[in-house]
Amino acid sequence: MEYGVYVQHSGGNMILVCLYVDDILMTGGCYEEVVKFKKILMSEFEMSDLGKLVYFLGMEVLYSKKGIILHQLKYELELLKRFKLQNCKASITPSETNHKLDSDSDGEDVDAKTFKQLVGSLRYLCNTRPDICYVVGMVIRFMSKPKWSHY
């Protein structure tokens, strides 16, 4: 099964179905229509209804009266531990203002494989942390020959 997002329009209602491997996320503007569509799918396919979404593809969902919050706190903490960055200081701004990165040909090399894994992990974290998108985009340019200044 491939991943994708599918949309069903019927009678002014819309249902969104997100598929990823064997996970299905279904939502829509009309609860009754979603339930009806779910019953149709369950009659055709073997599937389980796990109820209200709590966790999906590494993102946790919190519900409040004002709406929902998506976060990846568990994933963030796992990244800090995996890349031995638990003792780093938190910052309100993800990069220094007006800081320019260059190829730093004289700088100290870092392991390219580890650097690529870290940058890839940060790209996934951008789903719930748009504040880091710019700086992640900056360091992606140096994945072929990363230096300590890029790390």
Side-chain angles (χ1 to χ4, degrees), residues 1-99 101 110-144 146 148-151:
M1 181 185 295
E2 293 187 24
Y3 62 89
V5 176
Y6 303 92
V7 181
Q8 179 196 37
H9 293 276
S10 66
N13 293 313
M14 181 171 62
I15 297 174
L16 294 170
V17 178
C18 303
L19 298 175
Y20 185 79
V21 189
D22 63 350
D23 289 325
I24 299 173
L25 171 62
M26 198 178 311
T27 189
C30 177
Y31 177 76
E32 291 78 22
E33 290 294 318
V34 172
V35 169
K36 192 165 88 175
F37 186 71
K38 203 184 311 183
K39 285 180 182 177
I40 293 168
L41 285 178
M42 292 177 99
S43 69
E44 292 291 323
F45 304 101
E46 184 180 329
M47 39 188 288
S48 301
D49 184 354
L50 300 177
K52 205 172 193 179
L53 181 66
V54 176
Y55 200 76
F56 187 72
L57 300 178
M59 289 179 264
E60 191 171 344
V61 181
L62 301 174
Y63 297 89
S64 75
K65 291 180 181 178
K66 293 182 179 181
I68 62 170
I69 298 169
L70 289 177
H71 75 84
Q72 292 175 287
L73 182 59
K74 182 180 175 194
Y75 183 72
E76 289 180 45
L77 296 173
E78 288 171 1
L79 285 181
L80 292 173
K81 186 176 178 183
R82 177 177 173 198
F83 294 102
K84 298 174 179 64
L85 298 170
Q86 303 99 308
N87 295 325
C88 289
K89 293 181 185 177
S91 174
I92 294 171
T93 308
S95 70
E96 297 172 26
T97 308
N98 298 323
H99 183 74
L101 285 178
V110 294
D111 179 48
K113 181 180 177 183
T114 303
F115 187 80
K116 288 176 185 178
Q117 290 173 346
L118 176 58
V119 171
S121 298
L122 290 172
R123 283 187 68 202
Y124 184 66
L125 192 58
C126 287
N127 288 322
T128 56
R129 294 287 310 270
D131 58 320
I132 67 171
C133 288
Y134 176 75
V135 74
V136 171
M138 284 177 50
V139 296
I140 282 174
R141 298 180 296 157
F142 304 101
M143 290 193 26
S144 61
W148 183 250
S149 61
H150 307 135
Y151 192 78

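Here the structure is a predicted model, which means the values were calculated and not measured. Numbering starts at 1 and runs along the sequence shown.
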Acceptor/donor pairs from residues 55-73 side chains to any protein atom, 3.5 angstrom cut, sequence neighbours excluded:
from	atom 1	to	atom 2	distance (Å)
Tyr63	OH	Leu53	N	3.3
Tyr63	OH	Leu53	O	2.6
Ser64	OG	Lys66	N	3.2
Ser64	OG	Gly67	N	3.4
Ser64	OG	Gly67	O	3.3
His71	ND1	Leu73	N	3.1
Gln72	OE1	Thr128	OG1	2.6

### Query
Is the closest side-chain heavy-atom distance between Thr114 and Leu118 below 4.5 Å?
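In short, these two side chains do not touch, never coming nearer than 4.5 Å.
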### Message
Once ring-ring contact (aromatic ring centres under 6.0 Å, His included) is applied, do any residues pair with Phe115, and if so which ones, sequence neighbours excluded?
### Response
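Partners of Phe115 by the ring-ring contact (aromatic ring centres under 6.0 Å, His included) criterion come out as none, since no residue qualifies.
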[X] side, atom [atom1]; [Y] side, atom [atom2] - distance, nearest 0.5 Å:
X      : Y      : atom1 : atom2 : result
Leu79  : Lys81  : CG    : NZ    : 12.5 Å
Lys84  : Gln86  : NZ    : CD    : 8.5 Å
Asp131 : Leu125 : CG    : CG    : 8.5 Å

Ignoring hydrogens and angles, write down the donor-acceptor pairs under 3.5 Å from the side chains of residues 26-45, residues two or more places apart or on other chains.
from	atom 1	to	atom 2	distance (Å)
Lys38	NZ	Asp49	OD2	3.1
Ser43	OG	Ile40	O	2.7

### Task
Grab the two heavy atoms, one from Pro146 and one from Ser144, that are nearest each other, plus how far apart they are.
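Heavy-atom minimum between the residues: CD-C, 3.6 Å.
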### Nearest heavy atoms of Ser121 and Phe83, plus distance in Å
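The pair with the smallest heavy-atom distance is OG-CE1, 4.1 Å.
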### Query
Is the count of non-hydrogen atoms from other residues, nucleotides or ligands lying under 6.0 Å from Met14 atom CE greater than 12?
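Result for CE/Met14: open.
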### Message
Tell me whether the count of non-hydrogen atoms from other residues, nucleotides or ligands lying under 6.0 Å of CZ in Arg123 goes above 12.
### Response
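Open: at most 12 neighbouring heavy atoms sit under 6.0 Å from CZ of Arg123.
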